[in-house]
Each structure stands twice: as C-alpha cells, then as structure tokens.
Amino acid sequence: MEHVTIDVVSDVVCPWCYLGKARLDKAIAELANEILVTVTWRPYQLNPDLPPEGVDHKAHLAAKLGGEAAVARAHETLAALGRADGIAFDFDAVKISPNTLDAHRLVRWAQAEGADIQANVVSGLFRANFEEGRNVGDRETLIDIAEAGGLDRAVVTALLASDADAADVKTEIDMARDMGVTGVPCFIIESKYAVMGAQSVDALVSALRDIAQMKNQANIH
C-alpha cells in the first residue's frame, strides 16, 4: 500500500478549513484500502493582528466582508455546505473573533503525541468555535479541548502559561506565506503538490490517487 503525506495549512477560525477537514476525512476513508495517508496540521493566521482577548465577531466580520448583508449571504452558503458534510455551523453562537496563536500552539503540542491526537484536537477546536460558539482564544477553553482530545491537562496548562513554541508557530506561518500560501485551507501533498481551497471529496480522492500512482511508478523505476 502506497503511503502519502499531507500537510494541511489551516486556521481554526476558518469555516472553509473546517469543511476541508470534513471532506479530507471522507476522502481518506474512501481510500482506506488503497492508500495510507498521514495528515499533519500546520498553522496559519487569517487575523494575526487581533489582540489576545479577541474582538467582537459580528463587527469584525462585517468590516472584513463589507457589511452585514454580505456576512449573512456567506453564512447561508456555508451553512448549506456544512449540512452536506455533517457540520452543524451555528454562526449566531460565535461571539468573539479570537487571536488563534494559542490554539496553534496547542495543535503543535498535539502533533507530538501523534496524528490521531492532533486530529482530535483540531476537530475539537473547529467544533468548539463553529458549532458551540466557544472562544478558542480563551486558555481555559483550550485546556478543556486539549484534555478531551487526549492531552494531559496539567502539562497543557503549564505550557499555555509560558510562551513555549509561540516563536516557532509564527516562523511556520511566515514560511507558509513565503511559500505562497495566501489563503487556507492549503493541502500540501508529499511536500510538493499544493491543492488550494476546500476541494470536493472526489477532487481530493483523485489527487491522492494520482500522487500515489506517481510515487509507485517512481519506486518501480
């Protein structure tokens, strides 16, 4: 069975990234008998300049998208797409647009415990923000998500109280921008093929199959 790696550059407050994860999970499940896929989640910040305590979500989004009507249209589209992919977006519940640096530190620590733990934490962050309206910039919330995802509560509490890995996360985000990543999600397959945006399940399946086939042929020759 061919092994394919995917690095997903994403931000936990990006609804398209949540859709991208749901679709990627489906694509991987569809290919379970053909390809072994290892996923690593990489950081990106859509709003790196937000203060640590965050800002009012509705006002921030209206300013960014050009008014409340534009926000309502975007949410309507996303809610319908979410339903199709098993995501219950509750945009009215989201009160704060957080700074996501701490959330990305948490995702980085989860990576050290293995891909499954990291995937649990990433899912927990998306769900907390988009379905439960919890503030993923709040450290107590992050500690709860970490524990539910399989991390040690005391360890995460101590790490969040320090500035551990903050500089490394920022460096990784800068590297993504230097590579030309200007929007997320961005799926980097085998460290060299970039697939931008929340692609359909079929598109992801087809990309993974093609790359696995290329790897296979390269190994034969």
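- Cluster membership for Ile28 and Ile117, using ILVMFWY side-chain heavy atoms within less than 4.5 angstrom, is shared.
- Ion pair Asp144/Arg153 flagged as a salt bridge, since at least one NZ, NE, NH1 or NH2 atom sits closer than 4.0 Å to an Asp/Glu carboxylate oxygen.
- In this structure, CZ on Arg105 lies 7.5 Å from CG on Leu159, to the nearest 0.5 angstrom.
- Taking the ring axis of Tyr18 as reference, the NZ or CZ atom of Arg127 does not stay both within 45° of it and closer than 6.0 Å to the ring centre.
- Taking 4.5 Å as the limit, some side-chain heavy atom of Ile189 sits within range of a side-chain heavy atom of Val4.
- No chain of hydrophobic side-chain contacts below 4.5 Å, direct or via other Ile, Leu, Val, Met, Phe, Trp or Tyr residues, connects Leu125 to Val9.
- The environment of CD in Glu53 is crowded: more than 12 heavy-atom neighbours from other residues, nucleotides or ligands sit within 6.0 Å.
- Across all their heavy atoms, Gln45 and Leu101 have their closest contact at NE2-N, 3.2 Å.
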Item to complete: Please report the C-alpha distance between Phe130 and Leu19 in whole Å, then the side-chain angles of each, then the deciding distance to 0.1 Å, and finally whether the side chain to side chain contact (heavy atoms under 4.5 Å, CB included) criterion is met.
Response: CA-CA 11 Å; Phe130 286 112; Leu19 285 168; over 6 Å; no
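- His57 NE2 to Asn135 CG: the interatomic distance, rounded to the nearest 0.5 Å, is 11.5 Å.
- With contacts defined as side-chain heavy-atom distances shorter than 4.5 Å, the pair Glu147/Val156 does not qualify.
- Across every non-hydrogen atom of Lys58 and Asp92, the tightest pair is NZ-O, 3.4 Å.
- The neighbour count for Glu76 CD, taken as heavy atoms of other residues, nucleotides or ligands under 6.0 Å away, does not exceed 12.
- Contact annotation: the side chain of Met179 approaches that of Ile188 to within less than 4.5 Å [non-hydrogen atoms, C-beta and beyond].
- Rounded to the nearest 0.5 Å, atoms CG (Leu61) and CG (Asp56) are 10.0 Å apart.
- Follow the hydrophobic side-chain contacts under 4.5 Å out from Ile145 and you reach Val107 in the same cluster.
- Nearest heavy-atom pair across Met196 and Cys186 is SD-SG, 3.3 Å.
- Scanning both residues, Thr40 and Gln118, for their nearest heavy atoms gives CA-OE1, 3.6 Å.
- Salt bridge Asp25/Lys21: present, at least one basic N to carboxylate O contact under 4.0 Å.
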Practice prompt. Test side chain to side chain contact (heavy atoms under 4.5 Å, CB included) on Asp90 and Glu131 and set out the steps.
Written response: CA-CA 5 Å; Asp90 184 356; Glu131 299 188 40; 5.5 Å; no
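- Val201 and Glu30 make their closest contact through CG1-OE1, 3.9 Å (heavy atoms, listed as atom of the first residue, atom of the second, distance).
- Between the Asp85 side chain and the Ile87 main chain, no donor and acceptor come within less than 3.5 Å of each other.
- Nearest heavy atoms, Ala198 versus Pro185: N-CG, 3.8 Å.
- Side chains of Asp11 and His104: a donor-acceptor N/O pair is present below 3.5 angstrom, by distance only.
- Counting only distance, with no hydrogens or angles, the side chain of Asp152 and the backbone of Val155 share a donor-acceptor pair below 3.5 Å.
- Rounding to the nearest 0.5 angstrom, the gap separating the CE atom in Met175 from the OG1 atom in Thr171 is 8.5 Å.
- No side-chain heavy atom of Trp109 sits under 4.5 Å from any side-chain heavy atom of Val121.
- Note on Arg42 versus Asp7: salt bridge recorded, some NZ/NE/NH1/NH2 to OD/OE distance being below 4.0 Å.
- Using a 4.5 Å heavy-atom cutoff, the side chains of Ile96 and His60 are not in contact.
- Taking CG from Leu106 and CZ from Arg139, the interatomic distance works out to 11.5 Å, rounded to the nearest 0.5 Å.
- Side-chain atoms of Thr77 come within 3.5 Å of backbone atoms of Arg73 as a donor-acceptor pair (strictly under, hydrogens ignored).
- Between the OG1 atom in Thr38 and the CG atom in Asp116 there is a gap of 9.5 Å [rounded to 0.5 Å].
- Residues Leu151 and Glu113 form a side-chain contact, since some pair of their non-hydrogen atoms from C-beta on lies under 4.5 Å apart.
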Worksheet entry | side chain to side chain contact (heavy atoms under 4.5 Å, CB included) between Ser97 and Leu50, worked out | CA-CA 8 Å; Ser97 285; Leu50 290 183; 4.0 Å; yes
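- Below 30°, between 30° and 60°, or above 60°: for Phe126 and Trp41 the angle between ring planes is above 60°, a perpendicular geometry.
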Practice prompt. Start with the C-alpha distance between Val205 and Lys26, add both sets of side-chain angles, then the distance that settles side chain to side chain contact (heavy atoms under 4.5 Å, CB included), and finish with yes or no.
Written response: CA-CA 9 Å; Val205 165; Lys26 286 183 185 175; over 6 Å; no
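- Side-chain contact check for Leu24 versus Phe187: some heavy-atom pair is nearer than 4.5 Å.
- Residue Leu78 is grouped with residue Val13 when hydrophobic side chains (ILVMFWY) are merged at heavy-atom distances under 4.5 angstrom, including chains of intermediate members.
- Hydrophobic clustering of Ile, Leu, Val, Met, Phe, Trp and Tyr side chains at less than 4.5 Å, counting indirect connections, keeps Val55 apart from Val12.
- One finds no salt bridge joining Lys95 and Glu132 here, because no Lys/Arg side-chain nitrogen approaches an Asp/Glu carboxylate oxygen to under 4.0 Å.
- A donor-acceptor pair under 3.5 Å is absent between the side-chain atoms of Thr100 and the main chain of Ala103, judged by distance alone.
- For the pair Asp165/Glu172, no side-chain contact is recorded, criterion being any heavy-atom separation below 4.5 Å from C-beta on.
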